[in-house]
Amino acid sequence: MKHLLSLLLAELKKPRSITHTTLLHLVLFTGMRNGEIMGLKWSDVDFVNNTISIQRERLYVSTVGIVTDTPKSENSIRKISVPVFVMEMLNDLRDFQGDLKEKMGQEYQESGYIAVTVTGSPQHPHNLYKWFTYFQAKHGLKKATIHDLRHTHAAMLSDMGTKIIDISKRLGHANTRITAETYEYLFNNVDDQISNELNDYYAEIKKCSQNVVKEKTNV
């Protein structure tokens, strides 16, 4: 994880990579789906309160083409908080796109989307995955998908001790059952941790009890 982030940060400094690396940080630290990321508009971003409103997704359907639609479930329409450092990356990307717009003038297509080409038009929904695949091959990394990064976010939240209901809401799951079934292995680890902590808790009580007995005996 740390190695991946260090490589992404190096790419972030390159004009050609700033869009994709920023979007990948969004996936890693918000758990958003690929379609939700590609459907984000600047109007969805609240730079004052550091939140993002997820209310649409852009997908590629082989039988239809590119489709813009509301998220997959009612709970997928949500507002999530975003770490300050990711918001700063978004702000840098917004400034970068603003500079391009100024240089290109009328040739720049103002679409309002965050994931755009150098001319301002919305990127193909598969572009982020293709760039990530290229990036991994370039650095000899084990191949992972965008959805794997979403799982990584869930794992980070679990390691932090975040409650399953809060993880479920952040990921936009329809209910906690889906979260529990999808990430059963994570919560099994948490359960083991709880058991270990209870052992430590009992050992502390036992130690205190023994000290009380000794004090009474000495009296």
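What you see is a predicted model; the values in this text were computed from it and never measured.
Sorted by first and then second residue, the pairs that involve residues 14-46 and meet ring-ring contact (aromatic ring centres under 6.0 Å, His included), not counting sequence neighbours, are His20-Trp131, Phe29-Phe85.
Following chains of ILVMFWY side-chain contacts shorter than 4.5 Å, one cannot reach Ile66 starting from Val116, and the two form parts of different hydrophobic clusters. When hydrophobic clusters are built by joining Ile, Leu, Val, Met, Phe, Trp and Tyr residues whose side-chain heavy atoms come closer than 4.5 Å, directly or via intermediates, Leu9 is grouped together with Leu149. With hydrophobic clusters built from ILVMFWY side chains whose heavy atoms lie under 4.5 angstrom apart, Tyr134 shares a cluster with Ile37. A continuous path of hydrophobic side-chain contacts links Leu28 to Ile80 [ILVMFWY only; heavy atoms under 4.5 Å]. Note: the hydrophobic cluster containing Tyr129 does not contain Leu59 (ILVMFWY, side chain heavy atoms under 4.5 Å, direct or indirect links).
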Discussion item. Evaluate Leu141 against Leu7 for side-chain contact (heavy atoms from CB on, under 4.5 Å), listing each step before the verdict.
Written reply: CA-CA 10 Å; Leu141 301 174; Leu7 292 172; 4.0 Å; yes
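Judged by distance alone, with hydrogens and angles left aside, the side-chain atoms of Thr21 form no donor-acceptor pair with the main-chain N or O of Leu8 at under 3.5 Å. In this structure, Arg150 contributes its side chain and Gly31 its backbone to a donor-acceptor pair below 3.5 Å. Without hydrogens or angle criteria, Glu36 side chain to Pro71 main chain gives no donor-acceptor distance under 3.5 Å. The backbone N or O of Phe132 sits less than 3.5 Å from a side-chain atom of Gln136, completing a donor-acceptor pair. The main-chain N or O of Lys41 is found under 3.5 Å from a side-chain atom of Asp44 such that the two form a donor-acceptor pair. Counting only distance, with no hydrogens or angles, the side chain of Thr30 and the backbone of Leu26 share a donor-acceptor pair below 3.5 Å. Not one N or O on the side chain of Asn34 forms a donor-acceptor pair closer than 3.5 Å with the backbone of His126. Side chain of Arg78 to backbone of Ser76: a donor-acceptor contact under 3.5 angstrom is found.
Between Leu90 and Ile52, the closest side-chain pair of non-hydrogen atoms falls below 4.5 Å. With a 4.5 Å cut-off on side-chain heavy atoms, Asp148 and His151 count as touching.
Clustering of Ile, Leu, Val, Met, Phe, Trp and Tyr side chains at separations under 4.5 Å places Val61 together with Val64, Val67.
Using a 3.5 Å distance cut-off with no hydrogens or angles, the side chains of Arg170 and Thr162 do not pair a donor with an acceptor.
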